[in-house]
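Shown next, in structure tokens, is the structure this report addresses.
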Amino acid sequence: MNSEELNKEFEEAVDRVNNYESLFPADFLLRLYAYYKKATHNSEPPSSKRSIINAFKANALFQARGMTEDEAKEKYVKLVKEYFNY
């Protein structure tokens, strides 16, 4: 898959997640969070008002360390596809 196709699939997956009205499991959200931050090269630290949430987010980011932007996009897309079974 070329970069343009990957970007398109990534944006579609992000839209699907953002438009979904039901709640997602917390572990799923944490993985999406880490992959999205890596994919968009967003290096800002977690900014929740609750320290426990920041700790979980920081751990998710730590687990995604060393991943390239394209790898993060691929993992994000794969995770969304698995969740929605398509």
Side-chain angles (χ1 to χ4, degrees):
M1 172 181 328
N2 67 36
S3 185
E4 187 176 314
E5 292 169 334
L6 178 58
N7 288 334
K8 183 176 187 242
E9 276 200 55
F10 176 70
E11 291 301 324
E12 288 172 355
V14 169
D15 287 343
R16 179 123 194 226
V17 168
N18 288 337
N19 292 320
Y20 191 65
E21 295 184 8
S22 296
L23 297 175
F24 290 111
D27 64 322
F28 177 78
L29 286 175
L30 286 169
R31 286 184 285 160
L32 286 179
Y33 169 81
Y35 297 152
Y36 183 84
K37 293 271 282 188
K38 285 295 213 174
T40 59
H41 199 62
N42 182 338
S43 59
E44 292 182 23
S47 60
S48 175
K49 293 179 183 177
R50 300 186 63 197
S51 60
I52 189 74
I53 293 173
N54 285 335
F56 280 114
K57 287 180 173 181
N59 183 52
L61 288 169
F62 181 76
Q63 292 179 26
R65 73 190 179 284
M67 193 178 295
T68 68
E69 290 177 27
D70 283 348
E71 288 172 329
K73 287 177 184 178
E74 289 170 0
K75 287 188 177 285
Y76 188 101
V77 168
K78 181 180 179 191
L79 188 60
V80 170
K81 284 182 177 182
E82 287 173 358
Y83 185 84
F84 289 105
N85 295 318
Y86 71 93

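Hydrogens, waters and symmetry mates play no part in the numbers below; they use all other heavy atoms, side chains included.
Atom-to-atom distance recorded for Lys81:NZ and Glu12:CD is 9.0 Å, nearest 0.5 angstrom. Atom-to-atom distance recorded for Phe28:CZ and Leu79:CG is 4.5 Å, nearest 0.5 angstrom.
At least one side-chain heavy atom of Leu32 sits less than 4.5 Å from a side-chain heavy atom of Val80.
Counting only residues at least two apart or on different chains, no side chain to side chain donor-acceptor pair (under 3.5 Å) pair has a member in residues 43-55. Residue pairs meeting the ring pair (Phe, Tyr, Trp, His ring centres under 6.0 Å) criterion with at least one member in residues 46-76, sequence neighbours excluded: Phe10-Tyr76.
With sequence neighbours excluded, the residues forming a side-chain hydrogen bond (donor to acceptor under 3.5 Å, both in side chains) with Thr68 are Glu71, listed by chain and number. Partners of Glu74 under the salt bridge (charged side-chain N to carboxylate O under 4.0 Å, His left out) rule, at least two apart in sequence or in another chain, do not exist in this structure.
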Please report, to 0.1 Å, the donor-acceptor pairs under 3.5 Å made by any side chain of residues 18-27, with sequence neighbours excluded.
unit_1: Asn18; atom_1: ND2; unit_2: Val14; atom_2: O; d: 3.3
unit_1: Asn19; atom_1: ND2; unit_2: Asp15; atom_2: O; d: 2.9

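Counting heavy atoms of neighbouring residues, nucleotides and ligands inside a 6.0 Å radius, atom CD of Glu5 exceeds 12 of them.
Here the closest heavy-atom approach between residue Lys38 and residue Gly66 is recorded as NZ-N, 3.8 Å. Contact detail for Ala34 and Ala60: the closest heavy-atom pair is CB-O, 3.4 Å.
At a threshold of 4.0 Å, the pair Glu69-Lys73 does not count as salt-bridged, since none of the basic side-chain nitrogens sits closer than that to a carboxylate oxygen.
The hydrophobic clustering, which links ILVMFWY residues whose side-chain heavy atoms are closer than 4.5 Å, places Ile52 and Leu30 together.
Grouped by direct or indirect side-chain proximity (heavy atoms under 4.5 Å, Ile/Leu/Val/Met/Phe/Trp/Tyr only), Leu61 sits with Tyr33.
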